[in-house]
Amino acid sequence: GENVEQHPSTLSVQEGDSAVIKCTYSDSASNYFPWYKQELGKRPQLIIDIRSNVGEKKDQRIAVTLNKTAKHFSLHITETQPEDSAVYFCAASKAGTYKYIFGTGTRLKVLA
Amino acid sequence: EPEVTQTPSHQVTQMGQEVILRCVPISNHLYFYWYRQILGQKVEFLVSFYNNEISEKSEIFDDQFSVERPDGSNFTLKIRSTKLEDSAMYFCASSGGALYGYTFGSGTRLTVV
């Protein structure tokens with residue numbers, strides 16, 4: 001069935017360093033890939049998304065890359081700050097369906 | 001910024017009881033969803049709702065679950081006879097289009113005892 005794998009499950013970086021989180025999806029028909037940030041006890045919040053007609057999208061310190069051939073997409077956070085500490089979820093969806101398939105999450109800790 | 005609101009924030013119920021979780025989606029959104037998140041696990045799709053009917057549901061969404069949009073603003077999830085394994089955070093979400101980023105509500109933590 002449809003599946004999204006996400007790695008690593010935990011990631012610790014020093015403040016100012018970059019963080020990269022990777023996801024792999026199984027359904028080649030997937031064409032929409034959002035990323036959500038979830039702080040402890042709070043709602044998931046959309047931070048960036050990418051559609052399959054582009055290979056990269058950037059928004060300030062956050063970027064997402066997509067490799068459709070390999071069915072990989074990645075989240076890149078540069079110049080990390082303590083407030084970036086949270087759980088990050090990737091997801092995949094496709095036309096004709098209304099649901100997201102979420103990855104298992106990455107707990108990012110930015111050490112001051 | 002428009003928000004999706006959910007009530008209650010926390011509900012404790014006895015096994016076998018019915019619960020209704022309530023959501024008010026963003027007013028101009030057309031697509032509504034329920035997801036759940038068991039503590040420490042990933043967010044799982046339950047059901048999507050569009051044009052006053054279920055558009056898709058997961059295998060989790062069995063006969064014990066139902067959704068309703070009783071008026072122009074509320075969107076509810078009912079669990080008819082709760083089980084211990086229904087304990088989770090339930091998130092409502094809405095979106096303006098089928099492949100647009102969702103806005104999630106703040107969730108209802110359901111504890112079945």
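First the proteins, then the strands, lettered A, B, ... as listed; each starts at 1.
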> With respect to chain A, which residue among B/S48, B/G105, B/A93, B/G107 yields the maximal number of heavy-atom pairs within a distance under 4.5 Å?
Replying inline: B/G105
> Is it the backbone or the side chain of A/P34 that comes under 4.5 Å from a heavy atom of chain B, or both, or neither?
Replying inline: neither
> Given the rule in the ring pair (Phe, Tyr, Trp, His ring centres under 6.0 Å) test, do A/F102 and B/Y35 qualify, once you have shown the distances and angles that lead to the verdict?
Replying inline: CA-CA 11 Å; A/F102 279 90; B/Y35 281 76; 5.7 Å; yes
> For B/E44, is it the side chain, the backbone, both, or neither that has a heavy atom closer than 4.5 Å to a heavy atom of chain A?
Replying inline: neither
> Which answer fits A/Q38, side chain, backbone, both or neither, if we ask what part of it has an atom under 4.5 Å from a heavy atom of chain B?
Replying inline: side chain
>> Taking side chain as everything from C-beta outward and backbone as N, CA, C, O, which of these in A/K99 sits under 4.5 Å from a heavy atom of chain B? Side chain, backbone, both or neither.
In response: both
>> I'd like to know whether the aromatic ring centres of B/F104 and A/Y36 sit less than 6.0 Å apart in this structure.
In response: yes
> If every non-hydrogen atom of B/G101 is compared with every non-hydrogen atom of A/Y32, which pair is closest and at what distance?
Replying inline: N-OH, 2.9 Å
> Does the B/Y33 side chain pair with the main chain of A/Y100, one donor and one acceptor, at a distance under 3.5 Å?
Replying inline: no
>> Looking at every heavy atom in both A/F89 and B/V43, which two are closest together, and how far apart are they?
In response: CE2-N, 4.3 Å
>> Which heavy atom of B/V4 sits nearest to which heavy atom of A/R43, and what is that distance?
In response: O-NH1, 3.6 Å
> Which pair of non-hydrogen atoms, one from A/T104 and one from B/K42, has the smallest distance, and what is that distance?
Replying inline: CA-CB, 3.8 Å
> Heavy-atom distance under 4.5 Å between the side chains of B/F45 and A/E2, does that happen here?
Replying inline: no
